Structures are given as C-alpha cells and as structure tokens.
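Attaching a single structure in structure tokens format; questions to follow.
Heavy atoms only: backbone and side chains are in, while hydrogens, waters and symmetry mates are out. All values reported here derive from a predicted model rather than from experimental measurement. All chains are named by letter (A, B, ...) in the order of the sequence lines, taking the proteins before the strands, and each is independently numbered beginning at 1.
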Number of protein chains: 2
Amino acid sequence: MQDYSEVAQIFKAFDDEKRLHILDMLKDGEKCACVLLEKMQISQPTLSHHMKILCDSGIVNARKEGKWIYYSISASGSKVAIDWLINLVVKNSTNYNISA
Amino acid sequence: MQDYSEVAQIFKAFDDEKRLHILDMLKDGEKCACVLLEKMQISQPTLSHHMKILCDSGIVNARKEGKWIYYSISASGSKVAIDWLINLVVKNSTNYNISA
DNA sequence: AAAACATATTGACAAAAATAAATATGTTGG
DNA sequence: CCAACATATTTATTTTTGTCAATATGTTTT
C-alpha cells in the first residue's frame, strides 16, 4: 500500500452519524434526495454535501431522472470497501472469502 | 439500528491516513509504540493520540510490558467492524459468510 | 416565457479533529 | 534514590469538517 489518503476517503462514508443514517435508508433500495431530506433533520445543502461525500467514496450511486436525483448503494463500491477493510486488518486476506 | 454514533466511532479508525499507515504496520504483527514512532513522521503525542483512537474503536489491542506498550490488531474488533460494514451496505447480510 | 420545483454551489461560521510543545506519570537501571 | 526512558495528558494552535443562508443551475409545468 502506498497512498493511504484514497483509502481513508472511502471510509469517510462511514464516520458520520448522518451518513450512516442515509446509508441505512438506502439499504432498503433506491431513494430520491427529496425523500431522504424529509426523513432527516438537516437542511437541503447539508444533505447535498453528505451525498457528495457518499458518492465520492464510491459507496453510493446517483441517477438523474428529470429534476430528481435517485441515490442507491453501489454494490461494486461496497465490495471495494469491504475488501479494503479486510485487507487492512487481516494478514493474508487472499485466503478470505465473502459469499452471498 | 438506533444509535449511529457508536458505529461511526468504529470507522474513525480507518478515516485517517496516519491511522491506516499504523494499521498496515500492525498487520505484520504486534509492535511497540516506539517502533511505530520511528517509522512515522509524527510527534510522540500525536502517535499517542492516534493509538487512543484506534484502541477506543476496538480495532487495536494494547499490551503493557514494563515501560513499553505493544499494540496489535484485535481479531474480534476487526470482525465487529467487518460485520458492521457488511450490515451497512447489504440488505440481507445474514446470508453473508466470511470464511478464512 | 415565467413560475415553481429539485438539487448544487458558494460563503460564512461553528464545532471537531490533528498536531506539537510542555509537562506529568510510571518504569527501569545505575 | 536518582537519572534516563517510554508513554500519556494537558494546553494551545491550526486544519478540517459540518452546517445553514443565500444564491445558482437546471427541469418541469403552465
């Protein structure tokens, strides 16, 4: 491993209460930003800020449909995060398997 | 899920470059704080600060031996983190298996 | 085209976190 | 017991992050 900053960026997605709340809601399935907003006690710019961090980390996908934006959890981004986490704490992580 | 703050605390361990560097060194095996310090470009109080965060998150164990403190990655703490991460991004995570 | 709406961006501020110097605590060796 | 050492804590400073108000951008509807 050389550059830890990119990996740190991934885990920023999980280090904030509000973002965990958002992820928990998205786990049920894709949701419009407006739906997320009305279920949380934060302003619209703050939600937008958190969604940017979640998207930049690769954990969340955004899909634009008209004036709405639908967010969902990225399966591939999630896998990258899980793989990194295992790689960070387990010596020979190539022996590890995750099966669904 | 009710209280996201405790979960956020766990992932604080992974959201900082220096802490990822430390974890990467500990993955090889237990190391004295003095060894970690000499391999990093940070002051002793800063290392102490990071080690406290890593220990508080449950990811790292500390073992005192005389005037030295030996740190190592906690297998159980790591498992908690991995399980949480999967739970956060996968809908029916009970179907997931991690095998070593 | 204008109004209403959904989201993003900018700017300003407050809270939290990282950092290091100074100091404290506890341990070992002389 | 004292000096040297390893680590922790306190204090102060700087940097980063979360937040909202104001504004901008782009979309739909009338």
So which one's nearest nucleotide on DNA chain D is more toward 5', A:W68 or A:Q41?
->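 Between the two, 5'-proximity favours A:Q41.
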Presence of A:K18 side-chain N/O under 4.0 Å of D:dT19 phosphate oxygens OP1/OP2 =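 Indeed, a polar side-chain atom of A:K18 lies that close.
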Quickly work out the A:D16 CG to C:dA16 P distance and round it to whole Å.
->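 That distance rounds to 12 Å.
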Do the side chain of A:K18 and the main chain of A:Q41 share a donor and acceptor less than 3.5 angstrom apart?
->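 Answer holds: no.
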What does A:I53 touch in the nucleic acid at a heavy-atom separation under 4.0 angstrom: a base, only the sugar-phosphate, or nothing?
-> sugar-phosphate
May I ask you to check whether over 12 heavy atoms, not counting those of A:E30, lie within 6.0 Å of atom CD?
-> yes
In whole angstrom, give the distance that lies between atom CE of B:M51 and atom P of C:dT19.
->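 Interatomic distance, CE of B:M51 to P of C:dT19: 14 Å.
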A:K67 NZ - C:dA6 C1' separation (whole Å) =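 Spelled out: NZ on A:K67 to C1' on C:dA6 is 7 Å.
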Determine yes or no for a side-chain-to-main-chain donor-acceptor pair under 3.5 angstrom, with A:R19 supplying the side chain and A:K12 the backbone.
-> yes
How are the rings of A:F14 and B:F11 set relative to one another: parallel (under 30°), tilted (30 to 60°) or perpendicular (over 60°)?
->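 It falls in the tilted class, 30° to 60°.
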When we call it a touch if two heavy atoms are under 4.0 Å apart, what does B:Y71 touch: a base, just sugar-phosphate, or nothing?
-> sugar-phosphate
For B:D15 and C:dA17, what is the distance between atoms CG and C1' respectively, to the nearest whole Å?
-> 10 Å
Just how far, in rounded Å, is P of C:dA17 from CZ of B:F11?
->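 Value for this atom pair: 17 Å.
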Counting just side-chain N and O atoms, does A:H50 come under 4.0 Å of either OP1 or OP2 of D:dT17?
->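 No, outside the criterion.
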When you measure from the side chain of B:A33, which nucleotide among D:dA21, D:dT9, D:dT7 comes out closest?
->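 Side chain of B:A33 sits closest to D:dT7.
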Nearest-Å distance for atom pair CG/C1', residues A:L47 and D:dT17 |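 So the two atoms are 16 Å apart, to the nearest Å.
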With respect to the phosphate group of D:dC20, does any side-chain polar atom (N or O) of A:T46 fall under 4.0 Å of OP1 or OP2?
->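 Yes.
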For the side chain of A:K27 and the backbone of B:N87, is there at least one donor-acceptor N/O pair under 3.5 Å apart?
->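 Judged by distance alone, yes, a pair lies under 3.5 Å.
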Please report, rounded to the nearest Å, how far the P atom of C:dA16 is from the CD atom of A:E17.
->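 Rounded to whole Å, this separation is 11 Å.
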Please evaluate the base of C:dA6 for a donor-acceptor partner in the side chain of A:Q44 within a cut-off of under 3.5 Å?
-> no
Nucleotide C:dA14, atom C1' - distance to CD1 of A:I42 in whole Å |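 Answer to the nearest Å: 17 Å.
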Ignoring backbone atoms, establish whether A:K12 has a side-chain N or O less than 4.0 Å from OP1 or OP2 of D:dT17.
->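 Checking A:K12 against D:dT17: at least one side-chain N or O falls below 4.0 Å of OP1 or OP2.
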Counting only side-chain N and O atoms of A:H49, is one of them less than 4.0 Å from OP1 or OP2 of C:dT7?
-> no
